[in-house]
Student: 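This is the structure, below, for whatever I ask next.
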2 protein chains.
Amino acid sequence: MPPAAHDVTDASALTGYGVNELDRLAEKRDDGAFVTALAAAPGARHLVFTGDVPLLRQRGDELDPYFLPHELAGLGAVRETTLLGRDAQGGVFGSLLEAPAAESGEGATGIVAMDLRTLAVQGLLPPPLLGALAQAKSLLYWHARHRFCSACGAPSVLASAGWRRDCPNCKAAHFPRTDPVVIMLAVAGERCLLGRQRRFPPGMYSALAGFLEPGETMESAVRREIAEEAGIEIGRVHYLATQPWPFPSSLMIGCLAEAATTDLRVDEVELEDARWFSRTEARAMLAGEHPQGLSAPQPLAIAHHILKFWVEQTPG
Amino acid sequence: MPPAAHDVTDASALTGYGVNELDRLAEKRDDGAFVTALAAAPGARHLVFTGDVPLLRQRGDELDPYFLPHELAGLGAVRETTLLGRDAQGGVFGSLLEAPAAESGEGATGIVAMDLRTLAVQGLLPPPLLGALAQAKSLLYWHARHRFCSACGAPSVLASAGWRRDCPNCKAAHFPRTDPVVIMLAVAGERCLLGRQRRFPPGMYSALAGFLEPGETMESAVRREIAEEAGIEIGRVHYLATQPWPFPSSLMIGCLAEAATTDLRVDEVELEDARWFSRTEARAMLAGEHPQGLSAPQPLAIAHHILKFWVEQTPG
């Protein structure tokens, strides 16, 4: 007998923002009466953003990102509200405030604004709340960047409970955007390829990554990115996991890539450095025990899990 | 010793538009002098679109989608030109004509306009040319739909050889869009789940599919779509292949999904029908030999390859 779905933990669910327990109610988004009733019903709550930062209520050591409708009203004028879904308590909405952070509810007693990366790295919220906040952030960012129709330039309006924008002028319909990114660990026997961008914390190395382009497969994007950034030719590519990455709205597609060559030619515009690391060294980097103080990304990042997967593989 | 990359055939490369041999020259796109020289050098050629349909030159039984710069000039005014990449002969560009098909070069002697689906289904061009046309179509469609800045409504301008649009007013930079779609075959032992949309040819059944949304992993999108469309709960999800799908610009992510339940509750808005098929029946549908005349998608579609993969698996 097959396992019940709730018994399965995907590698994807181990990544930051990878767990989201909301029922998205996709089939109800166009039912205005339903959405209005859900928003007015007991249990309705809002995840609230000022710019791209969520607001949270501090209660002792606990942070709570949910605001009741009357609490939302106290935080300032709302620019857009979207339906995120429903949990056991009721409807969950994402709301973007009009005012920038300094003028918004942040100043109110017990309300803090804290970016979604910090909330995840410091483990300040349980995974399903981080997942719901990631969904809200990507969707609200899309609205903020798409107030005008890209086809004709006229102001567009929110539709389908926040899952579409319609142009009253040219009648174009626009849908939320998610950008696929390939992120891959090239491996050659007992070594793996890691690189560092200049913006990384000192000593940190990670898997190479780049946006998948129109007309590419996952495998061809992996091969192109590694060829461009490190001059390495890739054979087989293996999918491992995906991660919703709300900065602002990517789908990270994590892979292992079998290197067919090993002579590096590093693109010094994209990378400060890239080199081969042994399995032992990579293990030490993940554990924070590398002798030269080199490190790997935090468990928030899919790169951490890709590297860990390879480190824990039996050498083949 | 690992295989050389050119020895590897991914499942993704078996799908329509899945092969593209152009060197995309991503690092050269911002080098205006380089791009201008490439466009003027011998061997430079254009893939030319009128609306979303490519133009081709008919030479006897052969169709050729490449036009030399002076031939492009004879087809009509050009609205946008993008750099697609380079092959052994020289630079390859994608150019969109100003005029609609009826007024464009289509009428000229020996020039035909033929949609990219027909070209693929009928096998009228080799796979690498179909891949290059798919890349061009998605990129040019994006330009056609994004002539205005979605952040402020001002007209935007092509930049980075067609891989960005810049807003002179608010300084926003916009990048080409690719929409991830999950397409999955739910399987329960010796049966698989196929559905049909009303727009399908009579008797054709295919894998279920839907757009991946902001905040989802591949696995969670697969589970949501199958729950919404067929009421089935899914356990493990297995990646099989991706396909660039230029209608207009999707990345199809193909999976096998292990069903944890089998009682169907079909969404009759999305689907005309959905049901379980035996492996024997699915094999007959792929071969065009189903006793009731039911059929599966053509090899152009990733759904064909997902179904074929499962049919050819040893029953486990």
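Just so we're on the same page: letters track the sequence lines, and every chain starts at 1. Being a predicted model, the structure only gives us computed values, none of them experimental.
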Student: Determine yes or no for a side-chain-to-main-chain donor-acceptor pair under 3.5 angstrom, with Ser150(A) supplying the side chain and Arg145(B) the backbone.
Tutor: yes
Student: For atom CD of Gln197(B), decide whether the heavy atoms of other residues, nucleotides or ligands shown that lie under 6.0 angstrom number more than 12.
Tutor: yes
Student: Sort out for me which residue in Thr217(A), Ile253(A), Leu251(A), Thr178(A) forms a side-chain contact (heavy atoms from CB on, under 4.5 Å) with Leu251(B).
Tutor: Ile253(A)
Student: With a 4.5 angstrom heavy-atom cut-off, could you sort out which part of Phe211(A) is near chain B: side chain, backbone, both or neither?
Tutor: neither
Student: Side chain, backbone, both or neither: which part of Arg224(B) has a non-hydrogen atom closer than 4.5 Å to chain A?
Tutor: side chain
Student: Quick check on the interface: out of Met218(A), Gln243(A), Glu213(A), His146(A), who has the most heavy-atom pairs with chain B under 4.5 Å?
Tutor: Glu213(A)
Student: Who wins among Ala241(B), Ala132(B), Cys149(B), Cys152(B) for the most heavy-atom pairs under 4.5 Å with chain A?
Tutor: Cys152(B)
Student: Report which part of Pro176(A) has an atom under 4.5 Å of a heavy atom belonging to chain B: side chain, backbone, both, or neither.
Tutor: both
Student: Tell me, for Arg24(B) versus chain A, whether the close heavy atoms (under 4.5 Å) come from the side chain, the backbone, both or neither.
Tutor: side chain
Student: Could you go through the side chain to side chain contact (heavy atoms under 4.5 Å, CB included) check for Glu27(B) and Glu270(A) one step at a time?
Tutor: CA-CA 10 Å; Glu27(B) 74 288 1; Glu270(A) 294 285 327; over 6 Å; no
Student: Would you call Arg29(A)-Glu228(B) a salt bridge at under 4.0 Å N-O?
Tutor: no
Student: Only pairs of heavy atoms separated by less than 4.5 Å count here; which of Leu139(A), Leu22(A), Leu212(A), Val19(A) has the most with chain B?
Tutor: Leu212(A)
Student: Checking heavy atoms, do the side chain of Arg177(A), its backbone, both or neither come under 4.5 Å from chain B?
Tutor: both
Student: When rounded to the nearest 0.5 angstrom, what is the spacing between CZ in Phe148(B) and SG in Cys170(A)?
Tutor: 9.0 Å
Student: Specify which of Pro244(A), Ala172(A), Ala26(A) makes the most heavy-atom pairs with chain B at under 4.5 Å.
Tutor: Pro244(A)
Student: Ser220(B) versus chain A, heavy atoms under 4.5 Å apart: side chain, backbone, both or neither?
Tutor: neither
Student: Could you tell me which of Ser12(B), Ala13(B), Ser138(B) has the largest number of non-hydrogen atom pairs under 4.5 Å with chain A?
Tutor: Ser12(B)
Student: So do Glu219(B) and Thr242(A) actually touch side chain to side chain, heavy atoms under 4.5 Å?
Tutor: yes
Student: Could you tell me if the side chain of Arg223(B) sits less than 4.5 Å from the side chain of Asp10(A), heavy atoms only?
Tutor: yes
Student: Quick one: are Trp163(B) and Pro214(A) in side-chain contact, heavy atoms under 4.5 Å?
Tutor: yes
Student: Of the listed residues (Ala151(A), Ala134(A), Ala11(A)), which shares the most heavy-atom pairs with chain B below a 4.5 Å separation?
Tutor: Ala151(A)
